[in-house]
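Only heavy atoms go into these numbers, but all of them, side chains included; no hydrogens, no water, no symmetry mates. Each chain gets a letter, A, B and so on, in the order its sequence line appears, and its residues count up from 1.
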Number of protein chains: 2
Amino acid sequence: MNIYDISKRAGVSIATVSRVLNDSPHVSPATRQRVMAVINDSGYVPNAFARGLGLNTMKTIGLLCPDASDTYQSQALAYLENAFRSRNYDCVLSCTGKTLEARTTGVEQLKSRHVDGMVLMGSSFIENNDKDNDYIRQAAKSVPLILLNGSFACERVYCVLCDDQRATMEAAQHLLDTGCKRILYLYHSKNYSGRKKLAGYRAALKNRGVELDDELLCYFDQDKMSVLDVRDHLLEMEKKGVSFDAVLASEDSLAIGAMKYARAAGKRIPEDMSVVGYNNSSFCLFTEPELTSVDNKLKAICDHIVETMMGVLEGKEMPQKTVFTGEVVLRQSTRK
Amino acid sequence: MNIYDISKRAGVSIATVSRVLNDSPHVSPATRQRVMAVINDSGYVPNAFARGLGLNTMKTIGLLCPDASDTYQSQALAYLENAFRSRNYDCVLSCTGKTLEARTTGVEQLKSRHVDGMVLMGSSFIENNDKDNDYIRQAAKSVPLILLNGSFACERVYCVLCDDQRATMEAAQHLLDTGCKRILYLYHSKNYSGRKKLAGYRAALKNRGVELDDELLCYFDQDKMSVLDVRDHLLEMEKKGVSFDAVLASEDSLAIGAMKYARAAGKRIPEDMSVVGYNNSSFCLFTEPELTSVDNKLKAICDHIVETMMGVLEGKEMPQKTVFTGEVVLRQSTRK
DNA sequence: GGAAATGATGTAATCATTTACACGCTTGTG
DNA sequence: CACAAGCGTGTAAATGATTACATCATTTCC
């Protein structure tokens, strides 16, 4: 069942059927109705590949993320998918994992699929060694790219992000301003956004005249950052004699690990120790006490990404970089 | 840059280029090498739409889920996407929400995209009123469908699921066998899987000779089931004089709501009240005490879905329904 | 040495659309 | 009344691959 069958049944040419299908104004109402009737009762569905060939697009956006099961990324996926869908674009998912090689092939695959645009989630797509970013420059030549929470200057690459440095700084300052003296900083990423957050932590100390103690910087490897890993690591630190009265984490799950530690070590939150997370995930409400966390405006970022993509695809001039301001959401794990 | 350009540059016909691209054995090594060289230094990428038109497939699977931000569904998405990708299939995502209409159009859209197969996540895709399932029967005519945790008898519809009834029964029996007398049952779904779980709860009571008290069946509406909603609802029940010494939930987040309630009501877990969740989500470890939960073998289910899909696409005969057995993972929220 | 088999390559049909262009008919205008 | 404009429609040329079939050269076998 193809457009030719329909045209025969309706007694018109295939061009006319095509016009009806594409809502062209150059069809008389009577003809349109007749063709529509035939289409409806034949159950005909236009062939998407032929259409794609003719129009050179199948209205598809590629969504790349390291791990779709991660709370933050899956939230972003949901936002993006919905917004793109409402604009009649479908999304192809590519969960590439963390290795450079996998990301590169992920991007290549989507390119060979002729997607109209790509969204790269998380600054881990940008390598610290600039030479490794060639795959992005390469891809950007044939397709517009938007980075979620990443920063990269290149033609046809757009960036939408949260000012993680400022948000982290405010979180740390809030801890200092509520009487905390020694803030343990838990982080898990050394890429763009990870560096910005760390810089925010440092800036806060500087602003409040507190000296940085390197002992308080606590890095966790991607595959060694479960709540239990964190708990155990902090217990270890305590044993070693490192003292702290607050924890600031670059991600909520790390903060929850810190809360686990507090329970194990018999410390009360926030009386003996304050805790602040990052991302303001849904499970900030799961814990007891509820977790103070940084809302980094994911919804707004996603909405703006979709806007930007649509603009670019329509050939409009769009801002290369848009920055949103995060916000510390105060809950029970920090003092007043 | 198309196949014709390549053929000219390499001094061969387009058929030969196509053969090289498709790893056909009917090409001499010398020619293959020459063509590959041209392809590599021209940066040529075959046009996916033309290819799709010729082969009548773009190796794409449609993944439908109500909400990609849900922990369970995003976990499934990640498993499925990875397994399909490793078999050279891309996944198109469609988060349809909960209304029948949205699901119907979601399925239609993917059908019109000519996906090779579709995976429908969650039994909420199956309506209790059978007439509303016509959209599934319709879609199954043109594309193989696999239901994750759903059950539906229809040609070209395959089902892969966990025996939720049995798993729930075992969870409830464990509660009864460890001294609990009155188990509050929290649930949020009345579709297939929801009914099975409830039946499991009932069966457990029957097996242990405990009479069912309807007061202990506690339903939560989809948009009124946050941890705080649950906590408040249980506080309310306590005020009304409903007594219980255990909570069995049809989903982990409901169980966490019950733990919130325990904290608010000053009850100790598991001494005063046991709690069991369902899905064995990653955040079962986040809570204090850690949450006993039912592992419903999502990974195995997803792997089997992908196997089944591949078999079907290769024209093999595949089992219509495969059932896995869940397992109660004992942690600290239940007694020994 | 000639028939047959094999192997590499090219020719051209096919896939199902979109769309530029052409054509004829009606209507409006000077 | 002639001519232009516009509208509805059809014809046919793209779009860029795959692949059945034909062709030609080479080897194999009797």
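- Applying the ring pair (Phe, Tyr, Trp, His ring centres under 6.0 Å) criterion to F324(B), with sequence neighbours excluded, gives H304(B).
- D303(B) is linked by a salt bridge (charged side-chain N to carboxylate O under 4.0 Å, His left out) to K299(B), counting only residues two or more places apart in sequence or in another chain.
- Every residue was checked against the side chain to side chain contact (heavy atoms under 4.5 Å, CB included) condition with D23(B), not counting sequence neighbours, and none meets it.
- Annotation: side chain to side chain donor-acceptor pair (under 3.5 Å) contacts of S74(B) (sequence neighbours excluded): none.
- Each ring pair (Phe, Tyr, Trp, His ring centres under 6.0 Å) pair with one or both residues in residues 32-77 of chain B, not counting sequence neighbours, appears once here: H114(A)-F49(B).
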A correct 5'-to-3' footprint of nucleotides 8-20 of chain D, with B, S and - meaning base, sugar-phosphate only and no protein heavy atom under 4.0 Å, is SBBB---BBSBBB
Name the atoms and distances for all side-chain donor-acceptor pairs under 3.5 Å in residues 10-18 of chain B, with sequence neighbours left out.
unit_1 : atom_1 : unit_2 : atom_2 : d
S13(B) : OG     : A15(B) : N      : 3.4
S13(B) : OG     : T16(B) : N      : 3.4
S13(B) : OG     : T16(B) : OG1    : 3.4
S18(B) : OG     : N22(B) : ND2    : 3.3

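- The end-to-end axis angle of the helix from dG1(C)-dC30(D) to dG30(C)-dC1(D), rounded to 10 degrees and based on five pairs per end, is 40°.
- With sequence neighbours left out, the side chain to side chain donor-acceptor pair (under 3.5 Å) criterion links N47(A) to no other residue.
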